[in-house]
There are 4 protein chains.
Amino acid sequence: MMRLDASAWLNGAAPATDGKVVAVHAFQMLCPACVAHGIPQAARLQQAFPDLVVIGLHSVFEHHDVMTPRALEAFIHEYRLPFPVALDRALPGSPVPATMQRYQLRGTPSLLLFDRTGRLRLNHFGRIDDLVLGGVVGRLLAEQPSAAHEAPGAAPPAGGAGCDAEGCALPR
Amino acid sequence: MMRLDASAWLNGAAPATDGKVVAVHAFQMLCPACVAHGIPQAARLQQAFPDLVVIGLHSVFEHHDVMTPRALEAFIHEYRLPFPVALDRALPGSPVPATMQRYQLRGTPSLLLFDRTGRLRLNHFGRIDDLVLGGVVGRLLAEQPSAAHEAPGAAPPAGGAGCDAEGCALPR
Amino acid sequence: MMRLDASAWLNGAAPATDGKVVAVHAFQMLCPACVAHGIPQAARLQQAFPDLVVIGLHSVFEHHDVMTPRALEAFIHEYRLPFPVALDRALPGSPVPATMQRYQLRGTPSLLLFDRTGRLRLNHFGRIDDLVLGGVVGRLLAEQPSAAHEAPGAAPPAGGAGCDAEGCALPR
Amino acid sequence: MMRLDASAWLNGAAPATDGKVVAVHAFQMLCPACVAHGIPQAARLQQAFPDLVVIGLHSVFEHHDVMTPRALEAFIHEYRLPFPVALDRALPGSPVPATMQRYQLRGTPSLLLFDRTGRLRLNHFGRIDDLVLGGVVGRLLAEQPSAAHEAPGAAPPAGGAGCDAEGCALPR
């Protein structure tokens, strides 16, 4: 079962996901690779696959004081994001929010793909090629609800903490 | 049944295609959109989907005197094409070669996708988005051989004959 | 005389500009075209022309509550901006800051080029082609200090207020 | 004095170059880096700098049997080259044509820039950045005819003979 722990939704209500293939794009508004690659790719995903549910997840693990819900609202407006965005719930005593912890995301951007049964099938940190991603989505869309499989583990990023062209990584 | 009418193969022998999903990229070596988009995409397809069989098809319908097999050999060498290339067989009395006629290609680049049973499932003229293409290939790879469907018709190009950023079209 | 009205400098002190050709890139951290085009181009300018002084100018005219100096610091850090950034001074009773008003900028991104005598020679709103920009900078760098000319006026943007792929425009 | 040794001109007559800054783009029609980068850049040069004279130079040093004048005509037509093209004159007993030898080009693409006095000022093999190139052209256009300088030598390519993403190099 997919479970996003959202403290609020911006840019639209939580979409219905029952029986749907779902793509969750975890980002931070000040993550350069998210802005340059991840968010545009998520928007293209929605356009290329009308049957796919695309959701943004704002998973802030640094600069909490400036990546506020109000700042995110301005960001969503200026970038004209075409999908609803869940605010990943902050947890007391940890810089890393709840959904990010549940799915053990390595940083942002991360892409999660859930099949029609709600099972996690892809958990990818950093950039992913359009052809490869389209292939995975195409396979999941072709599956019947009974055909769920094991989830592949997250591919760990090459580098350490901090932001580079691939993304912003959590310290390990 | 996929049927390529090849007068010769360059850059490798005709690959085994039984039970395989096959992508045939029809191009001309002097077609700008083929060189800029179609051929690199076909090469990326091969890299992204190791189970997919990728084949080039040199379907010359203009400038026959300079797009010769010998010129194509030099082109394949300089561009380092990573897939075998079939020479579409010339037909007496027609500028349009045999395979191009059989599949009613509108021009180059054209991409043909065949499922595991050899049935034509995509016949696309001009550019096609990586995500969309990856999605179709992913679906076909997920299918079992018994699951063949009807082929969608070719989407006719917007313009008339001649070459533009989308491709080189046959006169209609 | 070039006059930037800065309330503070981030990412380095105000550089010496006497006798230098100076490029001032006016941006907002939440302006998509600035992030995608203007800022990377300003960074490339600095790399391509070591004799040119490149300065960022944060000219906020909307979303003032979230594009704060503290937020800009995080932005500069994550995007690794390679040039010093002046905060355009806020003016009481106006959303448009002081330097933006002085040079009658139409929005962000805007690029100002000053010659060796401090005279404004280019005032461009929106995207500008690398070759064209390189040409103007090359001419200015070739000039001796005595060779100053009249400043060309700002090219008005095509559209109205709001952000698009070209930039964020002020309401007129 | 600029001296192109042309056996013929295609796509227009030899342009007048007296007192003009001239860019000569040496290419081969089967050189991938020429097609992907050099030729489009030469076309953009012409558009960005109406006072600059842009000339193509077809300097064939390999695959002579297929890069014939007739093949080049088809290439020029399909790629819609916007500048006249000189055929670099073949020399008996050498694969390397006359102009290529005179200017000691290392391969294709090569870009030659001549100032208003006809003096060679840039001789660049491989890719060159738009900003950097624009800067050089801007400086040359700003010069008066009396201000000619020494020509910088050609930057030798990093690799050996053969074609790669940077260009096609002569064997040394």
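Chain naming here is simple, since letters A, B, ... match the order of the sequence lines and numbering starts at 1 in each. Model, not experiment: these values are computed from the prediction. Values below: all heavy atoms of this structure, side chains included; hydrogens, waters and symmetry mates excluded.
In terms of non-hydrogen atom pairs under 4.5 Å with chain A, the most contact-rich of V137(B), L141(B), V132(B) is L141(B).
In this structure, H37(B) places its NE2 atom where more than 12 heavy-atom neighbours from other residues, nucleotides or ligands lie under 6.0 Å away. Around the CZ atom of R89(B), the shell of radius 6.0 Å holds more than 12 heavy atoms that belong to other residues, nucleotides or ligands. Open room surrounds CZ on R3(A); 12 or fewer heavy atoms of other groups in view lie less than 6.0 Å from it.
In terms of heavy-atom proximity, A142(A) sits nearest to R139(B) at CB-CG, 4.0 Å.
For a residue to count as touching a neighbouring chain, one of its non-hydrogen atoms must lie under 4.5 Å from one of that chain's; by this rule L45(B) touches chain A with backbone and side chain alike.
Distance CG/L131(B) to CD/Q41(A): 6.0 Å, rounded to 0.5 Å. A distance of 8.5 Å separates CG of D129(B) from CD of Q47(A), quoted to the nearest 0.5 Å.
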